[in-house]
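Right, one structure below, let's go through it.
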Amino acid sequence: MAALEDHSSTGAYYVTTPIYYVNDRPHLGHAYTTVAGDVLTRWHRQRGEDVHFLTGTDEHGQKILRTAEANGVTPQEWCDRLVEEAWKPLWQHLQIANDDFIRTTEARHTDRVREFVQGLYDKGEIYRGSYTGPYCVGCEEYKLPGELLPGATADEKLCPVHKRPVEWLEEENYFFRLSAYGPKLLEFYAAHPDFIQPAAARNEVLRFVEQDLKDLSISRSTFDWGIPLPWDDKHVLYVWVDALQNYLTAAGYGADPERFARLWPASVHLVGKDILRFHAVIWPAMLMAAGLPLPKRVVANGWLMVGGEKMSKSNLTGIAPTDLTSHFGVDAYRYYFLRAIPFGTDGSFSWEDFTARYTSELANDFGNLASRVAAMIGKYHDGLLPAATATASGPAEQAVVDGLGRAVADADRKIGEELDFAGGLAAIFEFVKLVNGYLTEQEPWKVAKSPDGQDRLATVLYTAAESLRALAVLLNPVMPAAAGKLWDSLGAPALLGPLAEQRLATAADWGRLPAGATVTKGDVLFPRLEEKAAS
């Protein structure tokens, strides 16, 4: 995946997730994208950059209307209930540090959306017509006949995503002149080859646009749960045209010029691959028509699969994130999905793989390293970090210093620039293995028994503790609770300040943790699963 641009000197590093449809509670797929956005923005905060992270909910459209009716409440009541009882609490539970939460039923959104589409209408970019064709209510998307799957009868056609019958629409609608933007989009893609990532997603969009675009129906007239068109209130805006504009309205479009100048264009739109065309085709065409800058990147993550099917409520494969956090913990949850599944590809979730990675990488490699270093400093130096001595340092220590430099550089490039979370975490945990190997080879428990080995013991223990100091900084964006506990156990807050204020640029600067720091052995960072189950 190509490198992202540095926005630190030109404005905020503005990252968005999709806004999620509130027809049901969130599942692992929703949380996957949101955790990725959170780790990415926390990483850039750890760099010291001006960062803004947006998420939210998509609350209009036919699917919401039908769900609310089925539950005997109004659409607004349904949205309010789901947002406050399910979506916001889950993001808090998963330690999502979003700066804003946009709801498409808020006036700050609906008012600006009406102004935006009125501007397109005044420019002649929107005209009245009629639509006849297939529509998937689950996707809230007009489908091309060639995309559909065969159903149970000769006349029935299925949505390729939801595997459910599409509906046949015949409506008087308003249309956006999307077809006029095909050549402009292709020219833009050619000039900005990193706009769509990963490469497979870019190739898919190119093929789609090269086949000639059709004008897009942007209104519905058979129901009223949506934003009324300002020039014709018998029509409500097509939910996707409404939803896409959240990235603008939350950034202050039309309401706060200073905020908008700071945030727009967005640095990264994170999206699922099933909504890539909306973000990489329709959205940039609308922005072109409005004369607004396009976002810097649209990055599509793959699907989380269960039993070979995309994880979703409609396919009965939606797993609640709390089913996993109650067993493994929140930090392990945040770590696992980004470590196990390369971002941008489909990946299968299994309890067995999660259990294996938790035990091997988190409990044994990382958690045990933190515990035994603190225990040895407590046992041999009464909890006070000893100073390393030059005379007792040698090639083994230099190998650790060099390994840390590689880990920081690789992780910063992969996570911060390339969105290769799995690769970045692999680089960090290679360093964890290096430090564990260093302790195994140096055998400080044996050195401690030697009358003339005290300088050597002090150097080994300092090397291990200083490595943990750097690991706390590197892992803070991914597992903030565990990293915070580690930081506290090293006595670092009193000597170096808050963990959030430590910069990645200096994480590899050796010797930052002063000798004399009070090191304590706190709770085990990642208890063994059998111990968690018993507690």
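Model, not experiment: these values are computed from the prediction.
The distance between the ring centers of Phe328 and Trp351 falls below 6.0 angstrom. Aromatic rings from Tyr358 and Phe354 are positioned such that their centres are separated by 6.0 Å or more.
Under the ring-ring contact (aromatic ring centres under 6.0 Å, His included) criterion, Phe431 pairs with no residue at all, not counting sequence neighbours. Under the salt bridge (Lys or Arg N to Asp or Glu O under 4.0 Å) criterion, Asp412 pairs with Arg47, not counting sequence neighbours. The side chain to side chain donor-acceptor pair (under 3.5 Å) check on Tyr462 picks up nothing, with sequence neighbours excluded. Tyr189 meets the side chain to side chain donor-acceptor pair (under 3.5 Å) test with no other residue; sequence neighbours excluded. For Tyr253, the side chain to side chain donor-acceptor pair (under 3.5 Å) test picks out no residue, with sequence neighbours left out. In terms of the salt bridge (Lys or Arg N to Asp or Glu O under 4.0 Å) criterion, residue partners of Asp99 (sequence neighbours excluded) are, by chain and number, Arg45. Partners of Asp346 by salt bridge (Lys or Arg N to Asp or Glu O under 4.0 Å), not counting sequence neighbours, listed by chain and number: Lys273. Scored by the salt bridge (Lys or Arg N to Asp or Glu O under 4.0 Å) test, Arg108 finds Asp100, Glu106 as partners (sequence neighbours excluded).
Judged by distance alone, the side chains of Tyr20 and Thr34 do bring a donor and an acceptor atom under 3.5 Å apart. Side-chain contact check for Asn436 and Arg372: at least one donor-acceptor pair (N or O, by modelled atom type) lies under 3.5 Å. Using modelled atom types, one finds a donor on one side chain and an acceptor on the other under 3.5 Å when comparing His93 with Thr325. Side-chain contact, His109 with Thr104: no donor N or O sits under 3.5 Å from an acceptor N or O. A side-chain N or O of Trp283 and one of His269 form a donor-acceptor pair less than 3.5 Å apart.
Using a 4.0 Å cut-off between charged nitrogen and carboxylate oxygen, Asp353 and Arg357 count as a salt-bridge pair. A salt bridge is defined here as a Lys NZ or Arg NE, NH1 or NH2 lying under 4.0 Å from an Asp or Glu carboxylate O, and Arg103 with Asp80 meets this definition. With respect to the salt-bridge test (charged N to carboxylate O, under 4.0 angstrom), the residues Asp420 and Arg413 do not qualify. A salt bridge links Arg334 with Asp38: at least one charged nitrogen is closer than 4.0 Å to a carboxylate oxygen.
Nearest heavy-atom pair across Ile19 and Tyr247 is N-OH, 4.5 Å.
Side chains of Thr33 and Pro18 form a contact here, defined as non-hydrogen atoms less than 4.5 Å apart. Taking the side chain as every heavy atom from C-beta outward, Tyr335 and Glu361 approach each other to under 4.5 Å. In this structure, the side chains of Leu287 and Pro293 stay at 4.5 Å or more apart for every pair of heavy atoms.
The aromatic rings of Trp91 and Trp87 lie perpendicular to each other, with more than 60° between the two planes, well past the 30° mark. Ring orientation note: the planes of Tyr336 and Phe349 are nearly perpendicular, at an angle over 60° on the 30°/60° scale.
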N/O donor to acceptor pairs below 3.5 angstrom from side-chain atoms of residues 511-524, sequence neighbours left out:
none

N/O donor-acceptor pairs under 3.5 Å from side chains in residues 451-461, not counting sequence neighbours:
residue	atom	partner	partner atom	Å
Asp452	OD1	Ser450	OG	2.6
Arg456	NH1	Ala392	O	2.5
Arg456	NH1	Glu397	OE1	3.3
Arg456	NH1	Glu397	OE2	3.0
Arg456	NH2	Glu397	OE2	2.7
Arg456	NH2	Gln442	OE1	2.7
Thr459	OG1	Thr389	N	3.2
Thr459	OG1	Asp455	O	3.0

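Applying the salt bridge (Lys or Arg N to Asp or Glu O under 4.0 Å) definition to pairs two or more places apart or across chains, those involving residues 82-91 are Glu84-Lys88. Screening residues 465-493 for salt bridge (Lys or Arg N to Asp or Glu O under 4.0 Å) gives Glu466-Arg469 as the qualifying pairs, with residues at least two apart or on separate chains.
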_Walk me through whether Leu338 and Leu425 qualify under side-chain contact (heavy atoms from CB on, under 4.5 Å)._
CA-CA 8 Å; Leu338 296 184; Leu425 287 170; 4.2 Å; yes
